Asker: 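I'd like to ask you about the structure that follows.
Every chain is numbered from 1 and lettered A, B, ... according to where its sequence line falls, protein lines coming before strand lines. The structure displayed is predicted, hence computed values, not measured ones.
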Protein chains: 2
Amino acid sequence: MAPVSNPCYRLISRPSGYPDPVKNFQYDTSGSIDPDTIDLKGGFLMQTQFLSVDPYMRGRMDEGTFDAWELGNVFMGYGISEVIRSEIPEFQEGDILYGIHRFEHYTIHEGWEAQTKKWRVIHNFENLPLSVYLGVAGMPGKTAYYGMKAIGQPKAGESIFVSTAAGVVGQTVCQLSKAWGLKVLGSTGSDDKVKFLQEDIHVDHAFNYKNSSTADEVKLFGGLDIFWDNVGGQILDIALANMKSHGRIIICGQIARYNGENPYGIKNVFSMVYNEVTMKGLYVNSYEEQYSEEFYSTVPKMIADGKMKYTEEVVVGLEHAGDLLVKVLKGQIMGKVVLQMWA
Amino acid sequence: MAPVSNPCYRLISRPSGYPDPVKNFQYDTSGSIDPDTIDLKGGFLMQTQFLSVDPYMRGRMDEGTFDAWELGNVFMGYGISEVIRSEIPEFQEGDILYGIHRFEHYTIHEGWEAQTKKWRVIHNFENLPLSVYLGVAGMPGKTAYYGMKAIGQPKAGESIFVSTAAGVVGQTVCQLSKAWGLKVLGSTGSDDKVKFLQEDIHVDHAFNYKNSSTADEVKLFGGLDIFWDNVGGQILDIALANMKSHGRIIICGQIARYNGENPYGIKNVFSMVYNEVTMKGLYVNSYEEQYSEEFYSTVPKMIADGKMKYTEEVVVGLEHAGDLLVKVLKGQIMGKVVLQMWA
C-alpha cells in the first residue's frame, strides 16, 4: 500500500465564547502515512473509526484550565478504532478499541505509549452499532451511570430533576432513573426534545425551559431528592431552593459557563444547611475502576433489549469537528454527536 | 415559698436585618409561679440556670423558615437548668439538665412533654463551669465535632480553612483540627481575635479579613482539603477556587445571609467538577445519636486537660437576651455568649 493522507484537526487559537472553527481550528491535510510499512517500534497502529464530540472539549481550550490543550495540538477525545497492525500481545489486528484518541485518521502508539490499560477492547457481544460505545455505552453513559451510583444514590420512589435531559448524558440519567423506579422531571430546550423525552424515554414530565418557567415547573413537580446538574447557574439555584431533606446534587457539566457568559451567582446555598443537601462534583474517570465492569455488563444489554433508547447524529468527515462542536455547545443536536471518519 | 416572678423573653415582631430589641422583642415580667406547690401533672419542674444565645436564632425569626418562631412566643434555645421537683423516675431533684429551653426562669414539663430523650443529664465528672456545656461542650462544640467527623473527614497532614475561627464553633473546629494533625488557617474580624487564634489556640495562621485580602491569604496558605464555612457568600467563593482534589466543604452557618444583606452569588461551583469537591449542609441534630457519646467522653476531658481552650462572655439577666443576640450577630463577642439567670 502506498502512503495515504493522514489528516488531523488542530486547535490554533483560543476561543472566547463559542468557538469560531475558521479562526480557532485547523483541518490539516498535510500529513501522510504508509500503514503497511511504518515502523511500529514495539507498539501498534490503529485506524480511527468514530470520534466523539463533547461539550467538555470546550473547557480544554481555555488557558490554564484542567488538562488544557496546547495551541497547535491535535484535538483529543474519546474514539473507536480498529487495530491495523500490532507488535504487542494484548491487541490483535482487527480488535476494536475504545479510549482517548487523537483527532486523526491513523495513530501509532509506540513502545511505552502502548499501555494497554488506556484502551478497552470492545467485544460487542450484542452486535450494536459501534457508535453507541461513544454515547450511551461510552463516556457520556458512564458519566450518567457512575454519577448516579456514586453521588445520586437513588432509591425507588424518589424524585429526580435532570437538566439538559435530552442530551446524551441526560437521556441515560433519565432512563436509568426510570429503570430504578424514580419519578423523573426533565428540562430541555425545544418542543421536539420535550416530545422525545415524554414519548420515547417516558419521563414523568418534561418541559421546554425556553417557553416555560423552570421555577414554576420544578415547584409543580414537587421536592427533589436528586438534581442532575448539567448546566449550572440559575437552574442550580432553582433546584437548591427545591431540594428535599438529604437531597443530592450531582455537579456534572456547567454548560452555562463554557461560553464566556457572565457567570450567574448561586444564592441558595443556605438552603443546604437545614436540608442537609450534598452537592458533589463528578469526574467520571475517578469511578472507572469501581463501576466499569458493572456498566459494560448492564448498559449494552439494556440497549439491545430496547430498554435504553438513544438519539445520535453521525456526521461523516473529520473536517466537520469544529462545526459539530459549536452545534453541541449551542444545544442544537439532540443526543450524541459522533464523527465517522469515512462513509 | 410564696409565688415568685417568672419572667420570659418574647418575639413580638419580625426583624428585618439586625433585630431591634426594643421593637422586635419583649422582656415580659408579668408571669409568676409557686415552685413548691404548682401541680406538675406527672412531669417535672426545672429552674433555668444558663441560656445560650446563638446566631441561628436570628433565622427562626423570619417567616416561613425552618422551625420559624410564631409571633408572641417565647424564645427557644439551648440551656442548662436544675430539676427542682420531679414526678418522673428519670430525673431527680438536683439533676442538671441540658436541652432546648424556653427563655424563662421556671418551666414545667407536664405529662407527655416530659420526654426524657429531649434532655441529657450532665454529670460533669470534670467539674467544669456549667456554662461550657452550652459552648465548646454544648451545641456549638457538637456542631464542630460532628461536622468534622461526618463531613470533614480529616486526615492528619491535611489543611483546613476555618471562617469565623474565633467564634465558639470556629474555636472548637480549630482546636480539634490541630489535635488531629491538620494545618489550620483561620479568618476572623479583629486583630484581638487574630492574636487569640495564634497565641492561645495555636492555629498555623490567622488573619483579620477586615484589613487583609481573604483571596490573597488563602492563596498564600495553599490549597485546601477542608473548608469550614460559617459565613457563606464571597468567602465560600474564594474557598471554592482554592479547594484541592476531593476537598470537602462543610456548610454550617451562613451569617452573611442572616441580616437581610443582598445575597452574594457563588460563581465558582464549576471548580467542584474537576476537583470532585463535596459540599454538604450540616444540621447538628442529625448526628446526635451517632456521635454524642464519643463527644461527651472526649471534649469535656480535653477542656479539663487544657487541650481545648475557649472564650465566653457570661451576662447576668434574661432581659439582656436581645442585646446579646445583636452583638453575636455583629461578631462583637469572641467565643460563646451565655446568659446567666442570676448572679
Asker: When you look at NZ of Lys327(B), are more than 12 heavy atoms from neighbouring residues, nucleotides or ligands closer to it than 6.0 Å?
Answerer: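 For Lys327(B), atom NZ is not crowded (no more than 12 foreign heavy atoms under 6.0 Å).
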
Asker: Any side-chain heavy-atom pair from Tyr287(A) and Glu276(B) closer than 4.5 angstrom?
Answerer: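 Yes, at least one pair of side-chain atoms sits under 4.5 Å.
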
Asker: Hey, does Leu282(A) have a side-chain heavy atom less than 4.5 Å from the side chain of Val273(B)?
Answerer: no

Asker: Sort out for me which of Ile151(A), Ile266(A), Ile249(A) touches chain B most, counting heavy-atom pairs under 4.5 Å.
Answerer: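 Most heavy-atom pairs within the cutoff with chain B belong to Ile266(A).
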
Asker: To the nearest 0.5 Å, tell me how far Met272(B) CE sits from Asp229(A) CG.
Answerer: 10.0 Å

Asker: When heavy-atom pairs shorter than 4.5 Å are enumerated against chain A, which of Asp67(B), Asn275(B), Val277(B) gives the highest number?
Answerer: Val277(B)

Asker: Rounded to the nearest 0.5 Å, what separates atom CE in Met279(B) from atom OG1 in Thr278(A)?
Answerer: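 Met279(B) atom CE to Thr278(A) atom OG1 measures 10.5 Å (nearest 0.5 Å).
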
Asker: Of all the heavy-atom pairs spanning Tyr274(B) and Arg60(A), show the shortest one and how long it is.
Answerer: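 Scanning both residues completely, I find the closest heavy atoms to be OH-NH1, 3.2 Å.
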
Asker: Rounded to the nearest 0.5 Å, what separation is found between the CZ atom of Phe270(B) and the CG atom of Leu236(A)?
Answerer: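 One gets 13.5 Å once the value is rounded to the nearest 0.5 Å.
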
Asker: Check the surroundings of atom NZ in Lys219(A): do more than 12 heavy atoms from other residues, nucleotides or ligands lie under 6.0 Å from it?
Answerer: no

Asker: Nearest 0.5 Å, please: how far is CZ in Arg248(B) from NZ in Lys280(A)?
Answerer: 9.5 Å

